[in-house]
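This report refers to the structure that appears directly beneath it.
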Amino acid sequence: MVCPKCGSQNVNIQVVSSVHLVDKHKGCLWWCIVGWWWVPIKWLVFTVPALFAKIFIPKKQRTKNKERKVCVCQQCGKQWNL
Ligand SMILES: [Zn+2]
């Protein structure tokens with residue numbers, strides 16, 4: 001492995017796990033029109049059954065961690081994805 005910035009071969013490969021957030025940021029208008037009633041309903045419809053399911057069905061656990069490999073140059077500190 002050669003660093004693309006300085007050409008050094010002193011490069012470490014690290015496995016980085018990152019948690020992905022699925023929720024996108026909603027705008028102000030969305031909150032005025034939809035958010036104030038949709039979020040509690042969504043919470044009731046999806047989160048409460050999900051909580052009950054989590055209590056009564058303890059084996060199903062899903063993580064959204066995603067592993068990726070990152071190269072780190074020990075010479076100049078540049079990081080890039082593998
Ligand atoms: Zn470098």
Side-chain angles (χ1 to χ4, degrees):
M1 191 63 66
V2 178
C3 172
K5 192 180 175 187
C6 67
S8 167
Q9 292 198 336
N10 190 11
V11 173
N12 272 1
I13 297 169
Q14 295 178 347
V15 177
V16 176
S17 60
S18 54
V19 180
H20 282 262
L21 291 172
V22 182
D23 254 9
K24 282 175 184 170
H25 189 73
K26 297 287 200 303
C28 194
L29 195 70
W30 184 88
W31 276 108
C32 290
I33 297 166
V34 181
W36 61 274
W37 60 268
W38 169 243
V39 168
I41 287 170
K42 194 174 82 172
W43 195 86
L44 278 171
V45 171
F46 295 108
T47 310
V48 172
L51 279 172
F52 274 102
K54 215 174 184 182
I55 292 163
F56 293 112
I57 313 164
K59 266 196 172 179
K60 278 190 176 177
Q61 264 193 338
R62 276 188 294 169
T63 48
K64 277 177 181 175
N65 283 17
K66 201 177 182 185
E67 280 193 346
R68 64 191 175 95
K69 284 176 179 171
V70 176
C71 298
V72 180
C73 176
Q74 303 298 298
Q75 206 78 25
C76 66
K78 182 177 171 55
Q79 293 185 11
W80 69 96
N81 291 328
L82 197 65

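Computation of the quantities below employed the complete heavy-atom set of this structure, encompassing side-chain atoms and omitting hydrogens, waters and symmetry-equivalent molecules. The residues of the chain are indexed from 1 along the displayed sequence. Counting convention: from 1, in listed order, for ligands and their atoms alike.
- The environment of Trp80 atom CH2 is dense: over 12 non-hydrogen atoms of other residues, nucleotides or ligands sit within 6.0 angstrom.
- Ordered by chain and number, Cys3 SG, Cys6 SG, Cys73 SG, Cys76 SG make up the set of protein N, O or S atoms under 2.8 Å of the Zn ion (ligand 1).
- Under the 4.5 Å side-chain contact rule for hydrophobic residues, Phe46 and Leu51 do not share a cluster.
- Ile13 and Val72 end up in different hydrophobic clusters when Ile, Leu, Val, Met, Phe, Trp and Tyr side chains are linked at under 4.5 Å.
- Residues Leu82 and Val70 are not in side-chain contact: their nearest non-hydrogen atoms beyond the backbone lie 4.5 Å or more apart.
- Applying the side-chain hydrogen bond (donor to acceptor under 3.5 Å, both in side chains) criterion to Ser8, with sequence neighbours excluded, gives Gln75.
- Put simply, the side chain of Lys5 does not reach to within 4.5 Å of the side chain of Cys73, judged on heavy atoms.
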